[in-house]
S.K.: 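Structure below; questions to follow.
None of the values given here were measured: they were computed from a predicted structure. Heavy atoms only: backbone and side chains are in, while hydrogens, waters and symmetry mates are out.
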Amino acid sequence: KYDNNTNVILNFGGRIPPWSNDIEQVVLGTMIADYELIGKYPYLKPEVFYNMANMTIFKALKHLYEVDKKPDLTILTDYLRVNSLLDEVGGINYIMDIAERYSSSVDNYVKILRDKYAYREIIRFSLLAQRDSYEAIKDHVEIADNLMNDVMALSDFDIEVHNNFSKALSYTINNIKLSSKEVMKE
């Protein structure tokens, strides 16, 4: 069963769709510790996070980053509180737990996060095609077209990820330049 309102697969034959709360938390915790990483992954979208609390936290981080606020732990918590989202995401304790999660190899975690999202999306549009086929209300050509469009949209997401590699490379080069300038000052 798929819930269109929450973008979450509710039941897949008793199986849990691919996701990892630990990986989601490490990505978020690393972004809280180093907010500039949000700009390194411009292709990440909230739906990549399966846990609704993590999705909400990512939306808040991304929004704060886009409005040029440095979303550290204090600013993020304040934003969630002001927008009545803090309790919804599990409160200050959940935010604090996430903030303690950090990895210098966040690129690996982001890739795993993306992969799990892709698997969930494949499951999602397979379930929708299956449901429509069993109901036999829609024309089979329409069902096939919808399935093909969903597959193409997922492929477009992968293309966007690859196109943003140059942005990530530029981000890394700029950080190296900034670090070398700071070393030269000392």
Side-chain angles (χ1 to χ4, degrees), residues 1-29 31 38-67 71 76 79-80 82-91 94-95 98 106-168:
K1 186 175 177 185
Y2 182 77
D3 183 354
N4 287 319
N5 296 323
T6 60
N7 201 34
V8 174
I9 301 165
L10 298 176
N11 183 352
F12 183 59
R15 298 175 68 185
I16 297 170
W19 81 289
S20 169
N21 198 50
D22 289 334
I23 289 172
E24 290 183 8
Q25 287 180 343
V26 167
V27 170
L28 292 171
M31 287 180 171
I38 298 166
K40 183 177 179 182
Y41 307 107
Y43 53 82
L44 280 185
K45 51 189 176 182
E47 297 80 25
V48 171
F49 295 86
Y50 182 76
N51 179 311
M52 296 305 284
N54 295 340
M55 185 186 297
T56 301
I57 293 166
F58 178 74
K59 285 179 186 177
L61 285 169
K62 191 158 182 144
H63 170 76
L64 289 166
Y65 180 80
E66 288 171 353
V67 297
L76 173 63
Y79 175 84
L80 292 169
V82 166
N83 288 285
S84 302
L85 298 170
L86 190 58
D87 288 337
E88 184 180 307
V89 300
Y94 189 71
I95 299 293
I98 287 175
V106 72
D107 291 341
N108 295 328
Y109 288 93
V110 169
K111 183 185 179 327
I112 294 168
L113 190 67
R114 277 188 6 246
D115 290 348
K116 290 183 181 297
Y117 165 72
Y119 293 133
R120 289 194 311 273
E121 281 296 277
I122 291 167
I123 292 167
R124 181 182 67 81
F125 39 77
S126 298
L127 288 172
L128 292 173
Q130 206 174 39
R131 180 199 65 197
D132 290 346
S133 296
Y134 275 112
E135 290 174 357
I137 296 170
K138 293 182 181 177
D139 182 65
H140 70 282
V141 174
E142 180 184 352
I143 295 169
D145 282 346
N146 289 342
L147 184 58
M148 191 168 21
N149 289 335
D150 287 338
V151 170
M152 293 304 293
L154 188 57
S155 296
D156 288 345
F157 177 69
D158 263 353
I159 289 169
E160 185 179 346
V161 169
H162 293 297
N163 287 343
N164 280 294
F165 176 75
S166 62
K167 290 180 184 176

S.K.: If you measure from CG on L113 to OG on S20, what distance do you get to the nearest 0.5 Å?
M.R.: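 Going from CG on L113 over to OG on S20, the span is 9.0 Å.
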S.K.: Search all heavy atoms of L147 against all heavy atoms of S126 and return the closest pair with its distance.
M.R.: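 L147 and S126 have their closest heavy atoms at CD1-N, 4.5 Å.
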S.K.: Supply the atom-to-atom distance E142 CD to I137 CD1, rounded to the nearest 0.5 angstrom.
M.R.: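 With rounding to 0.5 Å, CD (E142) is 11.0 Å from CD1 (I137).
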S.K.: Compare all side-chain heavy atoms of D115 with those of P18 and state whether any distance is below 4.5 angstrom.
M.R.: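 A side-chain contact is absent here, since even the closest heavy-atom pair is not under 4.5 Å.
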S.K.: How many angstroms lie between atom CD of E88 and atom OG1 of T56, to the nearest 0.5 angstrom?
M.R.: 5.0 Å
S.K.: Rounded to the nearest 0.5 Å, what separation is found between the CG atom of L64 and the CG atom of L76?
M.R.: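 Between atom CG of L64 and atom CG of L76 there are 6.5 Å.
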S.K.: Does any part of the side chain of P71, heavy atoms only, come nearer than 4.5 Å to the side chain of Y79, both counted from C-beta?
M.R.: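 Y79 vs P71: side chains apart.
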S.K.: Quick one: list whatever passes ring-ring contact (aromatic ring centres under 6.0 Å, His included) with Y65, sequence neighbours left out.
M.R.: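 If we apply the ring-ring contact (aromatic ring centres under 6.0 Å, His included) test to Y65, skipping adjacent residues, there are no hits.
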S.K.: In the structure I gave you, are the side-chain heavy atoms of N146 and K138 within less than 4.5 Å of one another anywhere?
M.R.: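 Result yes, sub-4.5 Å side-chain heavy-atom pair found.
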S.K.: Side chain to side chain contact (heavy atoms under 4.5 Å, CB included) for E121 and D150? Distances and angles first, verdict last.
M.R.: CA-CA 8 Å; E121 281 296 277; D150 287 338; over 6 Å; no
S.K.: Under 3.5 Å, is there a donor-acceptor pair linking the side chains of Y94 and N54?
M.R.: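 Checked: Y94/N54 side chains pair up, N/O donor to acceptor below 3.5 Å.
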S.K.: Testing I122, L127, L128 for side chain to side chain contact (heavy atoms under 4.5 Å, CB included) with R124, which one passes?
M.R.: L128
S.K.: Do Y117 and L44 have side chains that approach each other closer than 4.5 Å (heavy atoms only, starting at C-beta)?
M.R.: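 The answer is no, as the side chains (C-beta and beyond) never meet within the 4.5 Å cut-off.
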S.K.: How far apart are the closest heavy atoms of I143 and A129, and which atoms are they?
M.R.: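 Result for this residue pair: CG2-O, 3.9 Å.
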S.K.: List in chain and number order the residues that pass ring-ring contact (aromatic ring centres under 6.0 Å, His included) with H140, two or more places apart in sequence or in another chain; answer none if no residue qualifies.
M.R.: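 With neighbours one apart ignored, the set is empty.
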S.K.: Could you pull out the closest heavy-atom pair between P46 and K59, with the gap in Å?
M.R.: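 For P46 versus K59, the nearest heavy atoms are CG-CG, 3.5 Å.
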S.K.: State which residues pass ring-ring contact (aromatic ring centres under 6.0 Å, His included) with F58; sequence neighbours excluded, sorted by chain then number.
M.R.: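 Counting only residues at least two positions away or on another chain, F58 forms a ring-ring contact (aromatic ring centres under 6.0 Å, His included) with F49.
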S.K.: How far does CG of D145 sit from CG of D139, to the nearest 0.5 angstrom?
M.R.: 9.0 Å
S.K.: Shortest non-hydrogen contact from W19 to K116?
M.R.: CA-CD, 3.6 Å
S.K.: Is it true that D107 and K111 make a salt bridge, defined as a side-chain N closer than 4.0 Å to a carboxylate O?
M.R.: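 Looking at K111 together with D107, the answer is no, because their closest N to O distance does not fall below 4.0 Å.
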S.K.: Show the nearest heavy-atom pair for residues L80 and V89, with the distance to one decimal.
M.R.: CD1-CG2, 4.1 Å
S.K.: Could you go through the side chain to side chain contact (heavy atoms under 4.5 Å, CB included) check for L28 and Q25 one step at a time?
M.R.: CA-CA 5 Å; L28 292 171; Q25 287 180 343; 5.7 Å; no
S.K.: Is it the case that the side chain of R120 and the backbone of V48 share a donor-acceptor pair, with hydrogens and angles ignored and the cut-off at 3.5 Å?
M.R.: yes
S.K.: Roughly how far apart are K45 NZ and K62 NZ, rounded to 0.5 Å?
M.R.: 10.0 Å
